[in-house]
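To start, the structure itself, in structure tokens.
Here the structure is a predicted model, which means the values were calculated and not measured.
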Amino acid sequence: MFLLETSIGQYTQQGTVTCWRKLCPLASGIGYGHLVMKMYDFGYTVIEAWSLLYLGFSFSSQLPWATCNNTWNTENCLAISQGNSRNATTNESMLRNTTSAAIEFWQRRVLGLSAGIEEPGQVRWDLAVCLLICWTLCYFSIWKSVRSSGKVAYFTATFPYVTLLILLIRGVTLPGAGQGIYYYLYPNISRLANIEVWIDAMSQISFSYSISAGSLIVLGSFSDYNNNCYKDCFWLCLLNSATSFVAGFVVFSVLGFMAHQHGTTVDSVADSGPGLAFITYPQATAMIPLPQLWAFCFFLMLILLAIDSHFVMVESFITTVSDLFPKVFHAPQRHELFALATCLFGFFINLSLITEGGIYVFQLIEAYGSTRMSQNFLAICECLAIGWIYGADNVLAFIKDMTGSRPHVFFKLCWKYIIPLLSLVSLILYFVDYKHLKFNNWYVYPDWAYALGWTMVLTSFAVLILTTAGQMCQTSGTFMQRLSFLCQPAEEPDWRRQAAEDVTEMTPCDVMA
């Protein structure tokens with residue numbers, strides 16, 4: 001899928017909607033589905049704002065998530081230093097009636113957590129300032145399109161590896177790090193028999209690689225036609241997975257250290273989602289000598305990674321809309337103005353996520369707005385459009401025309417059979433194993449919130465279906481004539497015309513040879 005989407009963008013030199021108009025007009029709805037998912041992805045900017053606030057607090061003489069003498073702390077607060085001096089049994093008895101200082105800092109100071117989504121509360125103004133800074137950085141990263149974002153990426157995409165290396169060296173030298181690394185490298189093999197483990201892995205890979213989200217198509221469209229995207233995709237995928245593997249040592253070495261300090265097991269201190277980044281890891285940094293340094297390195301890395309994802313997401317949205325209306329947005333200065341309007345729109349929309357009830361909205365968008373169900377559905381549609389309508393052989397042919405080498409037949413099998421089958425299985429299992437979203441495993445959303453969540457899920461489905469139906473209605477002829485017309489590429493590609501001319505000029509002897 002990574003190769004497919006990147007090569008489509010490079011071949012058509014268009015965004016996520018107009019590229020399908022060139023290849024298979026009937027599939028234009030896929031691009032609109034990607035566009036809708038991109039709007040939901042704007043919500044992830046709040047992670048960048050949270051990280052920026054934590055980065056600011058990391059300059060404090062004493063980390064505020066490690067102590068209980070702050071105005072937001074309760075009587076049940078348990079400081080980090082107190083947790084270190086207790087044995088495992090004492091910890092367990094204390095933790096039944098106490099709350100970690102890191103949790104209180106996260107919920108009471110950063111979020112100002114309300115009782116539920118039905119109580120949005122007030123805007124957290126310190127987070128609003130951080131959010132404004134994040135969107136300002138995003139604007140000046142993309143205001144000149146790839147001319148500016150490409151230069152920014154040289155720093156934001158490479159410097160996190162420096163901080164990752166620093167955190168890795170510090171993590172593996174901590175007492176108890178071996179316990180965490182052992183837990184990381186020697187998993188419970190019996191869990192591999194659980195199909196849900198594989199489905200979750202597939203979902204994580206799709207998210208990590210930005211598959212079926214439209215970003216790869218846009219990024220590919222900025223490449224030169226003769227760029228070797230086949231080689232690039234191989235190395236990028238390898239680098240992505242290798243980075244994730246190394247990052248696992250950074251995380252689990254610190255979790256092993258926490259387990260060692262508390263006299264407990266790694267699985268009892270491990271967390272997922274925002275809890276890992278804003279509760280568990282900050283709590284661990286507070287236990288290490290020079291805690292401000294390690295907190296600074298960690299949150300700086302998070303911010304730089306978030307900036308990369310942020311401006312790619314916004315650039316994908318802007319490029320797609322600009323390609324839809326080239327006369328309007330491709331004029332001089334229009335791109336800068338449209339980028340400014342998009343960033344302002346994103347900022348004001350994100351204000352709903354930094355209220356006292358914003359975390360509930362964020363998790364609702366995360367669970368329903370851009371989920372594996374939408375990705376699986378769009379992946380199936382992409383493979384049907386490319387593998388069966390446009391033709392997988394034609395894709396292999398234009399990749400060869402661009403790069404000089406023809407991809408292995410395995411990719412054709414993936415596009416036609418393997419990916420649609422796996423995506424369909426994942427989609428079915430999503431419905432079979434569906435459970436209502438809960439916040440912190442205890443808060444149950446009201447019915448209207450679940451209805452809103454399913455509305456977000458169905459928008460990408462509805463946009464695709466309505467676009468396809470609209471095209472069929474606007475095209476003249478019988479049903480089969482309209483269907484046949486919309487399945488044809490908008491123009492005859494140069495490589496196909498050249499191939500036809502070569503066949504015409506061949507003699508019977510050449511054909512026999």
Looking at F278, Y54, Y281, W106, which hits ring-ring contact (aromatic ring centres under 6.0 Å, His included) with W65?
Y54
Reference residue F439; test ring-ring contact (aromatic ring centres under 6.0 Å, His included); the match among Y445, F362, Y360:
Y360
Donor-acceptor pair, distance only, cut-off 3.5 Å: does the side chain of S426 make one with the backbone of L422?
no
Could you walk me through whether D323 and T320 pass the side chain to side chain donor-acceptor pair (under 3.5 Å) check?
CA-CA 5 Å; D323 287 347; T320 299; over 6 Å; no
Count the heavy atoms of every other residue, nucleotide or ligand shown that sit under 6.0 Å from CH2 of W125, and state whether that count exceeds 12.
no
Candidates Y184, F257, F245 - the one meeting ring-ring contact (aromatic ring centres under 6.0 Å, His included) with F252
Y184
Ring centroid separation for F299 and F57, is it under 6.0 angstrom?
no
Using the ring of each side chain (for Trp, its six-membered ring), is F461 parallel, tilted or perpendicular to F377, with breaks at 30° and 60°?
parallel
Set out, in order, the CA-CA distance, both residues' side-chain angles and the distance that settles side chain to side chain donor-acceptor pair (under 3.5 Å) for T355 and Q122, then state yes or no.
CA-CA 5 Å; T355 60; Q122 298 178 349; over 6 Å; no
When you measure from the SG of C77 to the SG of C68, is the result less than 2.5 Å?
yes
Worked verdict on N188 versus S190 for side chain to side chain donor-acceptor pair (under 3.5 Å):
CA-CA 5 Å; N188 184 356; S190 62; 2.6 Å; yes
Only one of Y44, F42, W135, Y139 clears ring-ring contact (aromatic ring centres under 6.0 Å, His included) with H310; which?
W135
So, for G369 and Y40, which heavy atoms are closest and what is the spacing to 0.1 Å?
O-CD1, 3.1 Å
Hey, what's the ring geometry for F159 with F155, parallel, tilted or perpendicular (30° and 60° as the breaks)?
parallel
Residue pair I318 / H335: nearest heavy atoms and the distance that separates them
CG2-NE2, 3.8 Å
Return yes if some donor-acceptor pair links the side-chain N/O of E356 with the main-chain N/O of L111 below 3.5 Å, else return no.
no
Y32 ring center within less than 6.0 Å of W20 ring center:
no
Start with the C-alpha distance between T467 and S28, add both sets of side-chain angles, then the distance that settles side chain to side chain donor-acceptor pair (under 3.5 Å), and finish with yes or no.
CA-CA 7 Å; T467 301; S28 297; over 6 Å; no
Side-chain contact, heavy-atom cut-off 4.5 Å: M301 with Y161?
no
